[in-house]
K.L.:
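Please see the structure below; I have some questions.
Within every chain, numbering begins at 1; the chains are lettered A, B, ... in the order of the sequence lines, protein sequences first and strands thereafter. It should be emphasised that the depicted structure is a prediction, and the values quoted were computed from it without experimental measurement.
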Amino acid sequence: MHPVSEAEAMAFAPSSASLSSASPLPFLLRSDSIASTDEIKQGHAPTASLGVNHARSLLARLRAGNKDLAASTSIASYSDSLKRGTFPDNFTFPPLLKLLADAHAFRAGVALHAHTAKMGFDADVYVRNSLIRLYFVCGEIGCAKKLFDGFPERDLVSWTTMISGFTKAGHPKDAVKVFFEMVDENLRVDGMTIVAVLSACAEIGDLELGRKLRRCVDAFHLDADVFIDNALVDMYSKCGDIDSAREVFDKMPLRNVVSWNSMIAGLANNGEFEMALVLFRQMQCDDVQPDGFTLVPVLNSCASLGALELGRWVHACLSRKGIEADGIVGNALVDMYAKCGMIGPAMEVFSSMFHRDVYTFTSMIVGLAMHGRGDESLTLFDDMLRAGVRPNEVTFIGILSACSHAGFVEIGLRHFRSITATYNLTAKIEHYGCVVDMFARAGMLDEAQEFISSMPIEPDEFIWGSLLGACKNYSEVDIGETALERIVELDPDEEGAYILMSNLYASSNRRKDGYQIRKTMRKNKVRKTPGCSLIEVDGIIHEFQKGDKLHPQAQQIYAMVDEFIHLHRTLSHEKSCHHSERLAIAFGLISTKPSTLLRIVKNLRVCKYCHIAIESISRLYNREIIVRDRYRFHHFKNGACSCNGFW
DNA sequence: GTAGGGTTAG
């Protein structure tokens with residue numbers, strides 16, 4: 001950092017001589033006080049100029065980045081010309097104000113606002129609109145609103161600036177209100193206004209208004225505009241109407257990188273991860289260069305699908321393009337590696353990052369907890385607090401599940417209490433669920449029941465499910481029956497609960513009751529979510545459903561599965577099982593080199609028998625196998641699993 | 001000759 005010279009600090013103070021003829025009040029470095037925003041909110045232009053210390057800190061801050069440099073250079077040359085006696089005109093201010101807005105240089109903005117007022121240009125419509133945007137960007141919504149309200153000559157641009165300003169400031173409902181005021185006044189609306197309102201609709205999720213705007217776009221034949229089409233794609237995606245988004249996207253005569261980004265992000269955010277990746281490949285075929293905005297939803301999709309190879313490719317692509325693996329992109333990378341079972345690489349990216357926020361830490365904390373590394377997860381939480389990063393609700397999901405997994409009941413309870421007591425966050429049903437799970441897994445079934453009855457929130461089927469699961473493990477038929485009753489009341493289609501209960505009966509020598517449960521399931525036509533496992537081989541994701549023979553290599557796969565049973569039978573007696581994870585593992589074994597690590601992603605929990613079988617497979621075939629199920633990772637190696645039987 | 005537009009994580 002260069003020292004700031006007095007001359008530079010004076011840059012904001014035009015000499016009184018050069019201004020005396022234009023203004024009765026000379027601009028001087030009067031004090032360190034700056035005009036308060038109250039002045040502006042009350043409808044007055046700021047009167048005080050910038051003080052020495054403020055100018056100094058501003059200049060230091062302006063040196064920090066490119067936008068800031070651009071702003072500081074321009075301001076410097078502006079004040080130089082003032083000192084030379086050249087006077088600004090109405091064309092001088094808009095570009096300067098824009099630079100200051102982009103650099104979020106609020107104090108300098110106020111100072112310049114004062115200049116415009118002193119020189120009589122603050123009623124110029126261009127100057128006024130620039131000031132409105134500046135105040136919005138700096139978070140001074142009250143000032144922006146005052147400038148707009150007290151401005152008789154406001155034009156289309158003023159209105160559009162208000163609409164987009166409110167949306168970007170996180171007040172999309174106010175944006176829509178402004179739009180309707182505009183409509184009520186029968187004012188002209190153009191494409192840019194529509195884009196701004198569509199963006200507000202997207203934030204609110206107001207599909208109805210979005211559709212009306214679409215009709216407006218069609219009526220005025222504005223739909224060949226790439227900005228409008230992009231805004232439509234984004235609006236439809238964020239409102240959950242992904243088909244309409246795709247329809248607009250497919251019909252676009254011209255697409256830019258933002259069009260692809262919006263569509264890929266829309267697919268990923270609507271859970272269409274495979275399609276997001278397909279579109280990403282298509283984008284490359286179209287020779288559109290991806291940027292950070294593209295790669296974040298692509299990484300999220302990789303994370304959800306366990307597509308590590310593509311994820312790694314994206315990582316390499318980032319480095320190649322010189323996109324820094326920091327901030328949001330870094331967070332997405334950490335999350336991708338953690339969700340693909342690669343805690344080591346996740347930690348490497350984590351350590352290399354400069355800006356670690358609550359998302360960075362949370363991804364890592366949740367990742368470690370899901371891998372059964374509860375103590376490391378808790379250590380990282382302490383690191384996070386020491387780094388001055390405040391946890392959020394999701395962080396506590398990770399912390400509580402880490403405690404649950406590691407059997408730290410006391411520590412877990414202390415963290416649970418701190419959610420509200422220390423951090424003033426809301427403990428949600430998921431947090432209560434973690435605590436129930438914590439008691440239940442530790443075999444403290446009475447405490448779990450007591451905790452459930454003391455909850456201020458109505459327990460849901462997941463809470464009762466945790467309890468039932470523990471009843472199964474500890475053969476507690478009575479409590480299990482109560483839990484099942486509650487679950488059936490809340491979600492009669494919950495197949496897992498019936499199966500747990502029937503297994504609980506079976507393990508308690510009450511097979512008859514078990515059959516009864518299965519009969520009820522058939523009678524009630526309880527749907528079964530089909531088990532589905534994914535495995536990525538050579539960058540291609542292969543999907544298997546329980547017992548399906550759709551894969552081109554089905555014959556070899558089933559032969560391999562039979563081999564498992566044959567080998568496995570020497571250890572225990574098992575009937576033939578074609579659960580999806582076995583098919584995926586069999587395919588992995590026959591299509592990769594010996595000792596290649598296999599990674600499976602499954603939509604449901606791994607059953608007890610498959611868990612035992614995979615332990616043996618890892619030893620017999622000398623393979624590390626990482627299975628991500630609905631809840632956590634199972635890292636199988638040499639006949640043992642990282643979950644230690646906790647799942 | 002100046003001002004206003006779209007996309008990103010747990």
K.L.:
Report the nucleotide, chosen from B:dG6, B:dT7, B:dA3, that has the shortest atom-to-atom distance to any side-chain atom of A:Val195.
P.N.:
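From the listed options, B:dG6 comes nearest.
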K.L.:
Within the structure shown, what part of the strands sits under 4.0 Å from A:Val366 by heavy-atom distance: base, sugar-phosphate, or nothing?
P.N.:
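Counting heavy atoms under 4.0 Å across all strands, no contact is made by A:Val366.
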K.L.:
Given B:dA3, B:dG5, B:dA9, identify the nucleotide with an atom nearest to the side chain of A:Asp225.
P.N.:
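Output: B:dG5.
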K.L.:
Looking across every strand, which nucleic acid part, if any, lies under 4.0 Å from A:Thr161 by heavy atom: base, sugar-phosphate, or nothing?
P.N.:
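Answer is sugar-phosphate: A:Thr161 comes under 4.0 Å of backbone atoms only.
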K.L.:
Tell me which residues in residues 269-280 of chain A put a heavy atom below 4.0 Å from DNA chain B, sorted by number, or none.
P.N.:
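Result for residues 269-280 of chain A: A:Asn269, sorted by number.
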K.L.:
Honestly, is A:Arg154 close enough over A:Phe148, meaning NZ or CZ under 6.0 Å from the six-membered ring centre and within 45° of the axis?
P.N.:
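Because its charged atom sits under 6.0 Å from the ring centre and within 45° of the axis, A:Arg154 does stack over A:Phe148.
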K.L.:
What's the closest nucleotide to the A:Ala265 side chain, out of B:dG4, B:dT2, B:dT8?
P.N.:
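From the listed options, B:dT8 comes nearest.
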K.L.:
Considering non-hydrogen atoms only, spot the tightest contact between A:Val127 and A:Leu97 and give its length.
P.N.:
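Taking A:Val127 first and A:Leu97 second, the nearest heavy atoms are O-CD1, 4.0 Å.
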K.L.:
Can you tell which of B:dT7, B:dG4, B:dA9 lies closest to the side chain of A:Leu156?
P.N.:
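Minimum distance to the A:Leu156 side chain belongs to B:dG4.
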K.L.:
Categorize A:Ser130 for me: base, sugar-phosphate, or nothing, with a 4.0 angstrom heavy-atom threshold over every strand shown.
P.N.:
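The answer is sugar-phosphate, as A:Ser130 gets under 4.0 Å only of primed atoms, P, OP1 or OP2.
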K.L.:
Which atoms form the tightest heavy-atom contact between A:Pro94 and A:Tyr126, and what is the distance?
P.N.:
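That would be CG-CB, 3.9 Å.
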K.L.:
Among residues 296-311 of chain A, which ones have heavy-atom contacts with DNA chain B below 4.0 Å?
P.N.:
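Contacts with DNA chain B under 4.0 Å: A:Val296, A:Asn300.
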K.L.:
Cation over ring, A:Arg320 on A:Trp313, under 6.0 Å and within 45°?
P.N.:
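Yes - A:Arg320 lies over the ring of A:Trp313, closer than 6.0 Å to its centre and within 45° of its axis.
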K.L.:
Of the nucleotides B:dT2, B:dG5, B:dA3, which has the atom closest to the A:Phe227 side chain?
P.N.:
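Nearest listed nucleotide: B:dG5.
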K.L.:
Remember a base hit wins even if backbone is also touched, and classify A:Ile132 as base, sugar-phosphate or nothing at under 4.0 Å, heavy atoms.
P.N.:
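Nothing, no nucleic acid heavy atom in range.
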K.L.:
Can you find a donor-acceptor pair, distance only, under 3.5 Å between A:Asn90 side chain and B:dG1 base?
P.N.:
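Check fails, no donor-acceptor contact within cut-off.
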K.L.:
Do A:Thr167 and A:Ser199 have side-chain atoms, one donor and one acceptor, less than 3.5 Å apart?
P.N.:
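Distance-only check fails for A:Thr167 and A:Ser199.
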K.L.:
Of the nucleotides B:dT2, B:dG5, B:dG1, which has the atom closest to the A:Asp89 side chain?
P.N.:
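Nearest nucleotide to the side chain: B:dG1.
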K.L.:
For a quick test of reading the model, state the closest non-hydrogen atom pair linking A:Ala427 to A:Thr420 and the distance between them.
P.N.:
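Nearest pair, atom of A:Ala427 first, then A:Thr420: N-CG2, 4.2 Å.
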K.L.:
When you check the phosphate oxygens OP1 and OP2 of B:dG5, does a side-chain N or O of A:Lys168 lie under 4.0 Å from one of them?
P.N.:
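A:Lys168 to B:dG5 OP1/OP2: side-chain N or O found under 4.0 Å.
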K.L.:
Where the side chain of A:Pro94 is concerned, which of B:dT2, B:dA9, B:dG4 is the nearest nucleotide?
P.N.:
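Given the options B:dT2, B:dA9, B:dG4, the side chain of A:Pro94 is closest to B:dT2.
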K.L.:
Where the side chain of A:Tyr126 is defined as all heavy atoms beyond and including C-beta, which of B:dT2, B:dA9, B:dT7 is the nearest nucleotide?
P.N.:
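Side chain of A:Tyr126 sits closest to B:dT2.
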K.L.:
Can we say A:Arg386 and A:Asp383 salt-bridge, meaning some charged N sits less than 4.0 Å from an Asp/Glu carboxylate O?
P.N.:
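Yes, A:Arg386 and A:Asp383 are salt-bridged.
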K.L.:
Under 4.0 Å, counting only non-hydrogen atoms across every strand here, what does A:Asp155 touch: a base, just sugar-phosphate, or nothing?
P.N.:
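If one applies the 4.0 Å heavy-atom cut-off, A:Asp155 turns out to touch a base.
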K.L.:
Taking any heavy-atom pair under 4.0 Å as a contact, classify A:Asp291: base, sugar-phosphate, or nothing.
P.N.:
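Nothing, no heavy atom under 4.0 Å.
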K.L.:
Starting the side chain at C-beta, find the nucleotide from B:dA9, B:dG6, B:dG4 nearest to A:Asn230.
P.N.:
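The closest nucleotide is B:dG6.
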K.L.:
Taking the minimum atom-to-atom distance to the side chain of A:Asn256, which one of B:dA9, B:dG6, B:dG4 wins?
P.N.:
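Ranking B:dA9, B:dG6, B:dG4 by closest atom to the A:Asn256 side chain puts B:dG6 first.
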K.L.:
List in chain and number order the residues that pass side chain to side chain contact (heavy atoms under 4.5 Å, CB included) with A:Val226, two or more places apart in sequence or in another chain; answer none if no residue qualifies.
P.N.:
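Residues passing side chain to side chain contact (heavy atoms under 4.5 Å, CB included) with A:Val226: A:Asn230, A:Met252, A:Asn256, A:Ser259.
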K.L.:
Less than 5.5 Å between centroids and less than 30° between ring planes, does A:Phe293 satisfy that with B:dT8?
P.N.:
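No, A:Phe293 does not stack on the base of B:dT8.
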K.L.:
Quick check on B:dT8: is either OP1 or OP2 less than 4.0 Å from any side-chain nitrogen or oxygen of A:Lys238?
P.N.:
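So the side chain of A:Lys238 is within the cut-off, an N or O lying under 4.0 Å from OP1 or OP2 of B:dT8.
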